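As structure tokens, the structure follows; a few thoughts come after it.
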Amino acid sequence: MHTVFEMNEVGSSFQAFQILKELENPFAEEIWVLALNAQLKVIRKEMVFRGTVDHCLIHPRDIFRVLIQNNASSFVLAHNHPSQEVLPSEQDLLITRKIHQLGKVSQIPLNDHLIFTREKYFSMADNGYFQKWKKTRSGLLNGSAT
């Protein structure tokens, strides 16, 4: 499932959550990517993985394939927790660090990783895992993961 050329601006975790919350699947974990252009507008929204009620396998190459094919300048990674608990697991933190590093190497920065339900979300950027999003004339400045 994907949407092309949404063109919603995503300059904060709240704006990303507004786009994602209606996609929440209460029965299975799903990993979503919001590919953004240099103006932080969504150029593609795509579910890249679907798992079980409490687990989802993820591979960075499939995330970066979507980003490269759509000429993304940056991106937001997100996944739901059917348990309704939005705090990240140790596995969530490990994969986020790996994808953040790959984003730096590929020069397609990870702006945030959200864990969401229909009612609430946890933003890794808002909770200190990344520098706050900052738009510049040439795009986005990004910090490093802790």
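We're numbering straight along the sequence, starting at 1. Remember, it's a predicted structure, so these values are computed and weren't measured experimentally.
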Review point. Do V76 and V33 touch side chain to side chain, with heavy atoms closer than 4.5 Å?
Key: no
Check your understanding: Are I99 and I58 close enough that some pair of their side-chain heavy atoms sits under 4.5 Å apart?
Key -> yes
Point to revise | Ring center gap for F17 and Y121 short of 6.0 angstrom | key: yes
Practice item. Determine whether V66 and F75 make a side-chain contact, defined as any pair of heavy atoms from C-beta on separated by less than 4.5 Å. Key: no
**Study point:** Taking every non-hydrogen atom, the tightest pair across C56 and G51
**Key:** SG-N, 3.6 Å
Practice item. Evaluate whether atom NZ of K120 has more than 12 neighbouring non-hydrogen atoms of other residues, nucleotides or ligands under 6.0 angstrom away. Key: yes
Point to revise | Verdict with supporting geometry, R97 and M124, side-chain contact (heavy atoms from CB on, under 4.5 Å) | key: CA-CA 11 Å; R97 286 184 189 110; M124 292 196 190; over 6 Å; no
Point to revise | Beyond-backbone contact of I19 with K45, side-chain heavy atoms, under 4.5 angstrom | key: yes
Exercise for review: Output, in order, the C-alpha distance, side-chain angles, deciding distance and verdict of side-chain contact (heavy atoms from CB on, under 4.5 Å) for T52 and E29.
Suggested key: CA-CA 6 Å; T52 66; E29 279 196 20; over 6 Å; no
Review point. side-chain contact (heavy atoms from CB on, under 4.5 Å) between E9 and V42: does it pass, once the steps are laid out?
Key: CA-CA 6 Å; E9 185 169 341; V42 176; over 6 Å; no
Review point. Hey, quick one: are L93 and L87 part of the same hydrophobic cluster, counting side-chain heavy atoms closer than 4.5 Å, chains of contacts allowed?
Key: yes
Review point. Are the ring centres of H79 and H113 closer than 6.0 Å?
Key: yes
Point to revise | Nearest heavy-atom neighbours spanning S74 and N111 | key: OG-ND2, 2.9 Å
Review point. Can you tell if the side chain of L114 reaches within under 4.5 Å of the side chain of F122, non-hydrogen atoms only?
Key: no
Review point. Does a donor on one side chain sit under 3.5 Å from an acceptor on the other, for S123 and D112?
Key: yes
Point to revise | Cluster link L94 to F64, ILVMFWY, side chain under 4.5 Å | key: no
Point to revise | Test log, rule side-chain contact (heavy atoms from CB on, under 4.5 Å), inputs Q91 and H55 | key: CA-CA 10 Å; Q91 190 63 31; H55 186 73; 5.9 Å; no
Exercise for review: Just grab all the salt bridge (Lys or Arg N to Asp or Glu O under 4.0 Å) pairs involving residues 65-89, residues at least two apart or on different chains.
Suggested key: D62-R65
Check your understanding: Does the side chain of D54 reach to within under 4.5 Å of the side chain of S83, using non-hydrogen atoms?
Key -> no
**Study point:** Which residues share a side chain to side chain contact (heavy atoms under 4.5 Å, CB included) with N25, sequence neighbours left out
**Key:** F27, A28, E30, R50, N80
Exercise for review: State, with a plain yes or no, whether a side-chain heavy atom of I63 is found less than 4.5 Å away from one of L77.
Suggested key: yes
Point to revise | Within-4.5 Å side-chain heavy-atom neighbours: P26 and P82 | key: no
